[in-house]
2 protein chains.
Amino acid sequence: MNTSYPEPARFPVTVDVVALTVSAGALQVLLITRLIEPFKGSMALPGGFVLPGEGLIEAATRELAEEAGVAEQPGYLEQLQSYGPKGRDPRGDVLTVAHLLLAPNFPVIAAGSDAASAGWYPVKDVLAGEYSLAFDHAEILSDAVERARSKLEYSPLGAAFCTPEFTIAQLRAVYDAVWDTKLDPRNFHRKATGTPGFLEDTGKMSTGEAGRPAALFRLAPQAHTTRAACAHAVLNPPLMRPAALTGQD
Amino acid sequence: MNTSYPEPARFPVTVDVVALTVSAGALQVLLITRLIEPFKGSMALPGGFVLPGEGLIEAATRELAEEAGVAEQPGYLEQLQSYGPKGRDPRGDVLTVAHLLLAPNFPVIAAGSDAASAGWYPVKDVLAGEYSLAFDHAEILSDAVERARSKLEYSPLGAAFCTPEFTIAQLRAVYDAVWDTKLDPRNFHRKATGTPGFLEDTGKMSTGEAGRPAALFRLAPQAHTTRAACAHAVLNPPLMRPAALTGQD
DNA sequence: ATAATTATCGTCATATTGACAATAAATGGC
DNA sequence: GCCATTTATTGTCAATATGACGATAATTAT
């Protein structure tokens, strides 16, 4: 019995990862410098071809490990969106599935290494066009940042940028960096601590910083950064994002 | 000069469309009956292989036209998520990019046709497992419905289920069908008409129905159902979804 | 010790929501 | 034509959430 339908076209499929972190008070993205054509010398998102028998998240995790030199997945990874296959790679039709990683700052393969170099770059500068990005990676980055910004409104994912235990001020610094705002510390404290199922007091206090020590919190179990918890809202009503700062001090 | 890296693996790529509409007071999904293996006889989302030189939305539009027999894209179409390539097709690794269509009720190729038949099925019944769905289409449908539900909270996309001009009650019926709620007509009216940039009064009135005639609205230009408008919130603060009805009258 | 810094609690005006009363304007039955 | 019924629309009111900011607490820096 011959179920005859034409042989389907096949496409190379890549995964790209927009890895975001907060450091030095700003949102940063992980970029690598391309050592091969096309776009040799340009910067690009880490990523690469999906292998037979792989799932998408699996492939994204592997590429992140290979290109940034990270041992374990350091944060929260989710699929962002797919792009292509038409008109995004000079070599031909290539479909890419972009992913979003939100993570605390982690060390990457230092620039200057002979093989490949990965580094953190301020998102603001990259989006402003200060670096030349390969393929459609500028568009992907832009979509990823918008996704991250809106995720902070209604999900507990701001905490994905923090270490397992963190202060309210550290969490607020994440919001301020991602949203480019200066949220009111008192109102933010009220919202963060007053939202059921969001934070859990560890009982411990921060030490060593200037000023009064702050209580250390962790994510409440219900809010743990898993796909299940973040699909639905935890911040309800959401923490709405004010207009971004207009760019002066 | 030989930039030698291994030839990348290639995968068949499909697009699937979760087409949703509201009719008979309930959310309905467009399903076709599979006439070929695998899953011959099962129901499935309309979809098919991406062709060389196609973009994803383009391919989804084409498949919708081919399998449901619709001439023009009847509503709002956006990408949902990608699935695979591992472990979702018995024939091997196939990547699928699922799409979401929100549309007013439109006629499809009638069941009983010899070639293929498409029809609307109540989402509630399909998700309850009353039909056997091919591949991972049950999971895709579930994700799509959740996406649609959350879109109604902060975007004007409820109107994508309506004809170009509609009453507040028709829009509310959409919300009630998608969310499985019975929103208060008075509060809904206040929110819908009171949200700047959402609705625009046509000046016309509905006729022929029981009860007092209702004013006819259309989407405000700012809120028109395009990707640009719906990426950002129009309903701000959002219209939060109450708990769904528990299942009695 | 004192100043500076940061955390945390409180206050108050304003905006939004949810519940529901009341009125307006049509249809349908007689 | 008259009245009950239905649906649309306006309004009221208490509860809740937000934004702006005062005040106090508990550290480090000098």
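Every chain is numbered from 1 and lettered A, B, ... according to where its sequence line falls, protein lines coming before strand lines.
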Peer 1: Regarding B/S82 and A/S82, is there a side-chain donor-to-acceptor distance under 3.5 Å anywhere?
Peer 2: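 Judged by distance alone, the side chains do pair up.
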Peer 1: Is a salt bridge present between B/R147 and B/E78, judged by a nitrogen-to-oxygen distance below 4.0 Å?
Peer 2: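 Yes, charged N to carboxylate O under 4.0 Å.
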Peer 1: Taking for each residue the nucleotide of DNA chain C bearing the nearest heavy atom, is the 5' side occupied by A/P213 or by A/D184?
Peer 2: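 It is A/P213 whose nearest nucleotide is closer to the 5' end.
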Peer 1: A/D136: which residues meet the side chain to side chain contact (heavy atoms under 4.5 Å, CB included) condition with it, sequence neighbours left out?
Peer 2: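 Counting only residues at least two positions away or on another chain, A/D136 forms a side chain to side chain contact (heavy atoms under 4.5 Å, CB included) with A/Y83, A/R88, A/E139, A/I140.
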Peer 1: Of B/E209 and A/F217, whose closest DNA chain C nucleotide lies nearer the 5' terminus?
Peer 2: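 Comparing both residues, the 5'-ward one is A/F217.
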Peer 1: Under 3.5 Å, side chain of A/Y175 to main-chain N/O of A/L152, donor-acceptor pair present?
Peer 2: yes
Peer 1: Roughly, in whole Å, what's the span from CG in A/N187 to P in D/dG22?
Peer 2: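 So the CG-P distance, A/N187 to D/dG22, works out to 13 Å.
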Peer 1: Return the value, rounded to whole Å, for the distance between atom CD of B/Q170 and atom C1' of D/dA8.
Peer 2: 13 Å
Peer 1: CD1 of A/I168 versus P of C/dC9: gap in Å, rounded?
Peer 2: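 Result: 10 Å.
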Peer 1: Within the structure provided, determine whether B/R172 and B/D176 are in side-chain contact (heavy-atom separation under 4.5 Å).
Peer 2: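 Side chain of B/R172 against side chain of B/D176, heavy atoms only: contact under 4.5 Å found.
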Peer 1: Whole angstroms only, please: what is the CG-P distance between A/L183 and D/dG19?
Peer 2: 9 Å
Peer 1: Under 3.5 Å for both distances, Watson-Crick or G-U wobble, that's the pair rule; now give the dot-bracket for DNA chain D, with | marking pairs to another strand and [ ] for crossing ones.
Peer 2: ||||||||||||||||||||||||||||||
Peer 1: What do you reckon, are the aromatic ring centroids of B/F217 and B/F166 less than 6.0 Å apart?
Peer 2: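 No; B/F166 has its ring centre 6.0 Å or more from that of B/F217.
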Peer 1: How close do B/F161 and B/A103 get, heavy atom to heavy atom, and via which atoms?
Peer 2: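 In terms of heavy atoms, the two residues are closest at CD2-O, 3.5 Å.
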Peer 1: Can B/T21 and B/N105 be counted as having a side-chain donor-acceptor contact under 3.5 angstrom?
Peer 2: no
Peer 1: May I ask you to evaluate whether A/K191 reaches the phosphate of D/dA17, defined as a side-chain N or O under 4.0 Å from OP1 or OP2?
Peer 2: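 Checking D/dA17 against A/K191, no side-chain N or O comes under 4.0 Å of OP1 or OP2.
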Peer 1: By nearest nucleotide on DNA chain D, pick out whichever of B/R190 and B/P185 is the more 5' one.
Peer 2: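 Closer to the 5' end of DNA chain D: B/P185.
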Peer 1: Is it the case that more than 12 heavy atoms not belonging to A/E72 sit under 6.0 Å from its CD atom?
Peer 2: no
Peer 1: Between B/H189 and D/dA8, is there a contact of a side-chain N or O with OP1 or OP2 at under 4.0 Å?
Peer 2: no
Peer 1: When the distance from CZ of A/R186 to P of D/dG22 is rounded to whole Å, what number comes out?
Peer 2: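 Taking atom P of D/dG22 as the reference, CZ of A/R186 is at 7 Å.
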Peer 1: Tabulate atom names and distances for all N/O pairs under 3.5 angstrom spanning the protein and nucleotides 4-7 of chain D.
Peer 2:
unit_1 : atom_1 : unit_2 : atom_2 : d
D/dT7  : O2     : B/R212 : N      : 3.3

Peer 1: Can you check the A/L199 CG to C/dT8 C1' distance for me, whole Å?
Peer 2: 15 Å
